[in-house]
Amino acid sequence: MIYYFTGTGNSQAAAGFFSRMLGEDVRSMADVMKTREYECRIGENETLGLVFPVYYWGLPTVVVSFLNRLKLSGEKPYVWAVITCGSGIGAADRQLKSVGKRVGIPVDAVFSLVMPDNFVPMFKAPGKEEAEKILEQADRRLEEILGEIQKRGSGEESGVKALMLSASMQTLYRNGRKTARFTVDDTCVGCGQCADFCPVNAIRMENGRPSWKKEQCAFCMGCLNRCPKEAIQYGKQTRKNGRYVYPRR
(Lines give C-alpha, C1' and ligand atoms only; values in the text may rest on other atoms or scores of the structure.)
Protein backbone atom coordinates (compact mmCIF):
# COMPACT_ATOMS: atom_id res chain seq x y z
CA MET A 1 0.00 0.00 0.00
CA ILE A 2 1.18 3.50 -0.84
CA TYR A 3 -0.19 6.62 0.84
CA TYR A 4 0.55 10.10 -0.46
CA PHE A 5 -0.08 13.72 0.44
CA THR A 6 0.15 16.44 -2.19
CA GLY A 7 -0.53 20.13 -2.68
CA THR A 8 0.29 20.63 -6.33
CA GLY A 9 0.52 17.09 -7.69
CA ASN A 10 4.26 16.34 -7.48
CA SER A 11 3.98 13.74 -4.73
CA GLN A 12 0.82 12.28 -6.24
CA ALA A 13 2.68 11.72 -9.52
CA ALA A 14 5.60 10.09 -7.71
CA ALA A 15 3.23 7.85 -5.75
CA GLY A 16 1.53 6.86 -9.01
CA PHE A 17 4.87 5.81 -10.48
CA PHE A 18 5.68 3.54 -7.54
CA SER A 19 2.15 2.15 -7.56
CA ARG A 20 2.53 1.09 -11.20
CA MET A 21 6.06 -0.28 -10.83
CA LEU A 22 5.47 -2.14 -7.55
CA GLY A 23 1.90 -3.23 -8.25
CA GLU A 24 0.62 -1.67 -5.02
CA ASP A 25 -2.56 0.26 -4.33
CA VAL A 26 -2.31 3.99 -3.75
CA ARG A 27 -4.45 6.30 -1.61
CA SER A 28 -4.49 9.95 -0.63
CA MET A 29 -3.76 10.64 3.05
CA ALA A 30 -6.15 13.60 2.91
CA ASP A 31 -8.96 11.41 1.55
CA VAL A 32 -8.33 8.79 4.24
CA MET A 33 -8.55 11.46 6.92
CA LYS A 34 -11.81 12.80 5.52
CA THR A 35 -13.40 9.34 5.35
CA ARG A 36 -11.69 8.10 8.53
CA GLU A 37 -10.75 4.82 6.85
CA TYR A 38 -7.53 4.29 8.78
CA GLU A 39 -7.46 0.47 8.72
CA CYS A 40 -4.79 -1.00 6.45
CA ARG A 41 -4.09 -4.70 6.13
CA ILE A 42 -0.65 -5.57 4.79
CA GLY A 43 -0.35 -8.68 2.65
CA GLU A 44 2.61 -11.00 2.19
CA ASN A 45 5.57 -9.28 0.44
CA GLU A 46 3.66 -5.99 0.42
CA THR A 47 5.44 -2.78 1.36
CA LEU A 48 4.11 0.36 3.03
CA GLY A 49 5.07 3.49 1.11
CA LEU A 50 4.68 7.12 2.19
CA VAL A 51 5.10 9.87 -0.41
CA PHE A 52 4.78 13.54 0.50
CA PRO A 53 6.51 16.94 0.21
CA VAL A 54 8.86 18.51 2.72
CA TYR A 55 7.50 21.62 4.46
CA TYR A 56 9.98 23.93 6.17
CA TRP A 57 12.52 21.07 6.14
CA GLY A 58 10.15 18.84 8.07
CA LEU A 59 6.85 16.99 7.91
CA PRO A 60 3.52 18.51 6.87
CA THR A 61 0.96 18.47 9.68
CA VAL A 62 -1.29 16.25 7.56
CA VAL A 63 1.37 13.52 7.44
CA VAL A 64 1.86 13.55 11.21
CA SER A 65 -1.90 13.47 11.85
CA PHE A 66 -2.31 10.62 9.37
CA LEU A 67 0.43 8.50 10.93
CA ASN A 68 -1.03 9.08 14.40
CA ARG A 69 -4.26 7.43 13.22
CA LEU A 70 -3.09 4.76 10.77
CA LYS A 71 -3.82 1.23 12.01
CA LEU A 72 -1.85 -1.59 10.39
CA SER A 73 -2.66 -5.28 10.53
CA GLY A 74 -1.42 -8.40 8.76
CA GLU A 75 2.22 -8.86 7.79
CA LYS A 76 5.05 -6.62 9.02
CA PRO A 77 6.00 -4.49 5.99
CA TYR A 78 9.17 -2.88 4.74
CA VAL A 79 8.29 0.78 5.30
CA TRP A 80 9.76 3.32 2.89
CA ALA A 81 9.18 7.00 2.27
CA VAL A 82 9.88 9.36 -0.61
CA ILE A 83 9.95 13.03 0.34
CA THR A 84 9.65 15.46 -2.55
CA CYS A 85 11.44 18.81 -2.33
CA GLY A 86 12.72 21.79 -4.27
CA SER A 87 16.33 21.35 -3.16
CA GLY A 88 16.64 19.20 -0.02
CA ILE A 89 14.67 17.66 2.83
CA GLY A 90 16.74 18.89 5.77
CA ALA A 91 16.24 16.42 8.61
CA ALA A 92 12.71 15.44 7.62
CA ASP A 93 13.94 11.84 7.48
CA ARG A 94 14.83 11.95 11.18
CA GLN A 95 11.51 13.52 12.10
CA LEU A 96 9.63 10.88 10.13
CA LYS A 97 11.52 8.02 11.77
CA SER A 98 10.89 9.55 15.19
CA VAL A 99 7.14 9.83 14.53
CA GLY A 100 7.06 6.32 13.08
CA LYS A 101 8.79 4.87 16.13
CA ARG A 102 6.35 6.65 18.44
CA VAL A 103 3.26 5.32 16.65
CA GLY A 104 4.61 1.80 16.15
CA ILE A 105 5.35 2.09 12.42
CA PRO A 106 9.16 1.98 12.19
CA VAL A 107 10.42 3.51 8.94
CA ASP A 108 13.12 1.46 7.21
CA ALA A 109 14.21 3.86 4.48
CA VAL A 110 13.74 7.49 3.41
CA PHE A 111 14.61 8.89 -0.02
CA SER A 112 14.61 12.48 -1.27
CA LEU A 113 13.24 13.42 -4.69
CA VAL A 114 13.85 16.87 -6.18
CA MET A 115 10.86 18.16 -8.14
CA PRO A 116 9.76 21.67 -9.19
CA ASP A 117 9.54 24.02 -6.20
CA ASN A 118 6.09 25.54 -5.78
CA PHE A 119 6.00 27.51 -2.53
CA VAL A 120 5.06 30.72 -4.32
CA PRO A 121 4.66 32.87 -1.18
CA MET A 122 8.48 32.86 -1.14
CA PHE A 123 9.72 31.64 -4.53
CA LYS A 124 8.90 32.26 -8.17
CA ALA A 125 7.21 29.26 -9.79
CA PRO A 126 9.30 27.58 -12.51
CA GLY A 127 8.35 28.14 -16.12
CA LYS A 128 7.24 25.29 -18.38
CA GLU A 129 10.69 24.52 -19.80
CA GLU A 130 12.44 24.77 -16.44
CA ALA A 131 9.85 22.53 -14.81
CA GLU A 132 10.22 19.91 -17.55
CA LYS A 133 14.02 19.80 -17.12
CA ILE A 134 13.59 19.22 -13.39
CA LEU A 135 10.99 16.52 -14.03
CA GLU A 136 13.30 14.74 -16.49
CA GLN A 137 15.94 14.57 -13.76
CA ALA A 138 13.26 13.39 -11.34
CA ASP A 139 12.39 10.57 -13.76
CA ARG A 140 15.93 9.21 -13.44
CA ARG A 141 15.88 9.60 -9.69
CA LEU A 142 12.56 7.72 -9.49
CA GLU A 143 14.16 4.75 -11.23
CA GLU A 144 17.08 4.83 -8.77
CA ILE A 145 14.75 4.92 -5.78
CA LEU A 146 12.66 2.11 -7.24
CA GLY A 147 15.74 -0.10 -7.41
CA GLU A 148 16.57 0.67 -3.77
CA ILE A 149 13.02 -0.14 -2.66
CA GLN A 150 13.02 -3.41 -4.59
CA LYS A 151 16.19 -4.53 -2.85
CA ARG A 152 14.96 -3.20 0.52
CA GLY A 153 17.64 -0.53 0.78
CA SER A 154 18.29 1.58 3.88
CA GLY A 155 17.84 4.98 2.21
CA GLU A 156 19.42 8.30 3.17
CA GLU A 157 20.31 9.81 6.54
CA SER A 158 20.66 13.52 7.29
CA GLY A 159 23.45 15.04 9.38
CA VAL A 160 23.52 17.12 12.54
CA LYS A 161 23.55 20.47 10.70
CA ALA A 162 20.38 19.54 8.87
CA LEU A 163 18.80 18.53 12.17
CA MET A 164 19.51 21.94 13.68
CA LEU A 165 18.12 23.74 10.64
CA SER A 166 14.97 21.62 10.57
CA ALA A 167 14.34 22.16 14.27
CA SER A 168 14.28 25.95 13.89
CA MET A 169 12.27 25.94 10.67
CA GLN A 170 9.69 23.50 12.00
CA THR A 171 9.05 25.84 14.90
CA LEU A 172 8.18 28.52 12.34
CA TYR A 173 5.92 26.09 10.50
CA ARG A 174 4.05 24.94 13.59
CA ASN A 175 3.49 28.49 14.83
CA GLY A 176 2.80 29.95 11.39
CA ARG A 177 0.44 28.64 8.70
CA LYS A 178 -1.89 31.58 9.35
CA THR A 179 -4.86 31.74 7.01
CA ALA A 180 -5.47 35.44 7.69
CA ARG A 181 -3.09 36.39 4.87
CA PHE A 182 -5.14 34.62 2.19
CA THR A 183 -7.13 37.03 0.02
CA VAL A 184 -9.37 36.59 -3.02
CA ASP A 185 -9.36 38.81 -6.12
CA ASP A 186 -12.46 39.88 -8.00
CA THR A 187 -11.49 37.41 -10.74
CA CYS A 188 -12.85 34.58 -8.56
CA VAL A 189 -15.67 32.74 -10.37
CA GLY A 190 -16.87 30.79 -7.33
CA CYS A 191 -16.01 27.35 -8.74
CA GLY A 192 -15.29 25.96 -5.26
CA GLN A 193 -12.24 23.93 -6.31
CA CYS A 194 -10.24 25.44 -3.45
CA ALA A 195 -12.74 24.32 -0.81
CA ASP A 196 -13.06 20.86 -2.36
CA PHE A 197 -9.31 20.34 -2.41
CA CYS A 198 -8.36 21.70 1.02
CA PRO A 199 -7.01 18.70 2.98
CA VAL A 200 -7.99 20.13 6.37
CA ASN A 201 -11.39 21.62 5.44
CA ALA A 202 -10.21 25.14 6.24
CA ILE A 203 -12.20 26.75 3.40
CA ARG A 204 -15.93 27.28 3.01
CA MET A 205 -17.73 28.87 0.10
CA GLU A 206 -19.84 31.84 1.19
CA ASN A 207 -21.77 33.95 -1.29
CA GLY A 208 -19.80 32.36 -4.11
CA ARG A 209 -16.37 33.12 -2.67
CA PRO A 210 -13.93 31.14 -0.52
CA SER A 211 -13.64 32.03 3.16
CA TRP A 212 -10.96 30.61 5.47
CA LYS A 213 -12.65 29.41 8.66
CA LYS A 214 -9.64 28.06 10.54
CA GLU A 215 -6.82 30.12 11.99
CA GLN A 216 -4.23 27.72 10.58
CA CYS A 217 -4.15 25.30 7.65
CA ALA A 218 -1.74 22.67 6.32
CA PHE A 219 -0.03 25.36 4.19
CA CYS A 220 -0.02 23.12 1.12
CA MET A 221 -0.97 26.08 -1.12
CA GLY A 222 -3.14 23.76 -3.16
CA CYS A 223 -5.98 26.28 -3.12
CA LEU A 224 -3.73 29.03 -4.45
CA ASN A 225 -1.83 27.05 -7.08
CA ARG A 226 -4.86 25.18 -8.40
CA CYS A 227 -7.22 28.15 -8.70
CA PRO A 228 -8.12 28.34 -12.43
CA LYS A 229 -8.23 32.15 -12.32
CA GLU A 230 -5.21 32.68 -10.02
CA ALA A 231 -7.64 34.63 -7.85
CA ILE A 232 -6.24 33.49 -4.50
CA GLN A 233 -3.25 35.35 -3.06
CA TYR A 234 -1.14 34.93 0.05
CA GLY A 235 0.60 38.12 1.11
CA LYS A 236 2.20 40.39 -1.48
CA GLN A 237 4.48 38.04 -3.43
CA THR A 238 2.18 35.45 -4.95
CA ARG A 239 0.60 37.77 -7.52
CA LYS A 240 3.94 38.06 -9.33
CA ASN A 241 5.45 34.67 -8.48
CA GLY A 242 3.16 32.66 -10.75
CA ARG A 243 1.59 29.28 -10.11
CA TYR A 244 2.61 25.63 -10.40
CA VAL A 245 0.61 22.43 -10.78
CA TYR A 246 2.22 19.16 -11.88
CA PRO A 247 2.03 19.54 -15.69
CA ARG A 248 2.02 15.96 -16.96
CA ARG A 249 -1.52 14.61 -17.27
Side-chain angles (χ1 to χ4, degrees), residues 4-16 28-35 52-63 65-66 84-87 115-135 169-170 172-249:
Y4 72 88
F5 171 61
T6 194
T8 59
N10 282 341
S11 294
Q12 181 178 5
S28 160
M29 294 184 193
D31 288 348
V32 169
M33 293 181 70
K34 289 178 179 180
T35 60
F52 57 87
V54 66
Y55 284 180
Y56 284 68
W57 287 288
L59 307 186
T61 54
V62 170
V63 174
S65 296
F66 169 79
T84 60
C85 59
S87 58
M115 297 188 81
D117 204 340
N118 50 72
F119 191 62
V120 293
M122 293 183 64
F123 309 109
K124 190 174 181 63
K128 184 176 180 180
E129 291 186 4
E130 181 185 358
E132 184 55 34
K133 288 181 180 178
I134 297 171
L135 291 173
M169 294 302 292
Q170 276 289 286
L172 291 176
Y173 176 61
R174 286 192 296 270
N175 296 331
R177 303 180 285 116
K178 305 294 186 181
T179 62
R181 297 192 69 195
F182 281 109
T183 58
V184 185
D185 295 344
D186 291 337
T187 53
C188 173
V189 295
C191 67
Q193 290 186 38
C194 51
D196 291 340
F197 181 80
C198 183
V200 294
N201 297 317
I203 305 173
R204 295 180 192 168
M205 297 300 294
E206 294 184 348
N207 300 317
R209 293 170 68 87
S211 177
W212 282 259
K213 294 301 182 181
K214 293 184 179 181
E215 182 180 353
Q216 292 181 306
C217 65
F219 229 41
C220 71
M221 293 295 157
C223 61
L224 185 151
N225 279 298
R226 293 172 181 268
C227 175
K229 295 296 184 179
E230 298 187 10
I232 298 175
Q233 311 297 336
Y234 191 86
K236 298 180 179 179
Q237 298 298 316
T238 57
R239 198 181 306 276
K240 64 180 182 181
N241 279 353
R243 301 292 186 270
Y244 172 85
V245 176
Y246 181 78
R248 297 174 177 174
R249 299 294 178 188

Could you tell me whether a side-chain N or O of [X] sits under 3.5 Å from a main-chain N or O of [Y], the two making a donor and an acceptor?
X: Asp117; Y: Gly86; answer: no
X: Lys124; Y: Lys240; answer: yes
X: Gln216; Y: Arg174; answer: yes
X: Lys214; Y: Val200; answer: yes

#### Entry: With Tyr244, the side-chain hydrogen bond (donor to acceptor under 3.5 Å, both in side chains) member among Asn225, Asn118, Thr8, Asn10
Asn10
### Query
Can we call the ring centroids of Tyr55 and Phe119 under 6.0 Å apart?
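Not under 6.0 Å, so no.
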### Query
Centroid-to-centroid, Tyr173 to Tyr56, below 6.0 Å?
yes
Got more than 12 heavy atoms from elsewhere within 6.0 Å of [atom1], [X]?
X: Lys133; atom1: NZ; value: no
X: Lys229; atom1: NZ; value: no
X: Met205; atom1: CE; value: yes

Report, one line per pair, each donor and acceptor closer than 3.5 Å where one atom sits in a side chain of residues 182-195; sequence neighbours left out.
from   : atom 1 : to     : atom 2 : distance (Å)
Asp185 : OD1    : Arg239 : NH1    : 3.3
Asp185 : OD2    : Gln233 : NE2    : 3.0
Asp185 : OD2    : Arg239 : NH1    : 2.9

### Message
My understanding is that only one of Trp212, Tyr234, Phe219 makes a side-chain contact (heavy atoms from CB on, under 4.5 Å) with Thr179; could you say which?
### Response
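Looking at Trp212, Tyr234, Phe219, the match for Thr179 under the side-chain contact (heavy atoms from CB on, under 4.5 Å) is Trp212.
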### Task
Not counting sequence neighbours, which residues clear salt bridge (charged side-chain N to carboxylate O under 4.0 Å, His left out) with Glu230? List them please.
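Partners of Glu230 by the salt bridge (charged side-chain N to carboxylate O under 4.0 Å, His left out) criterion come out as none, since no residue qualifies.
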#### Entry: Salt bridge flag under 4.0 Å for residues Glu215 and Arg177
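So Glu215 does not pair with Arg177 through a salt bridge.
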### Query
Can we say Lys213 and Glu206 salt-bridge, meaning some charged N sits less than 4.0 Å from an Asp/Glu carboxylate O?
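Counted as a salt bridge, because a side-chain N and a carboxylate O are separated by less than 4.0 Å.
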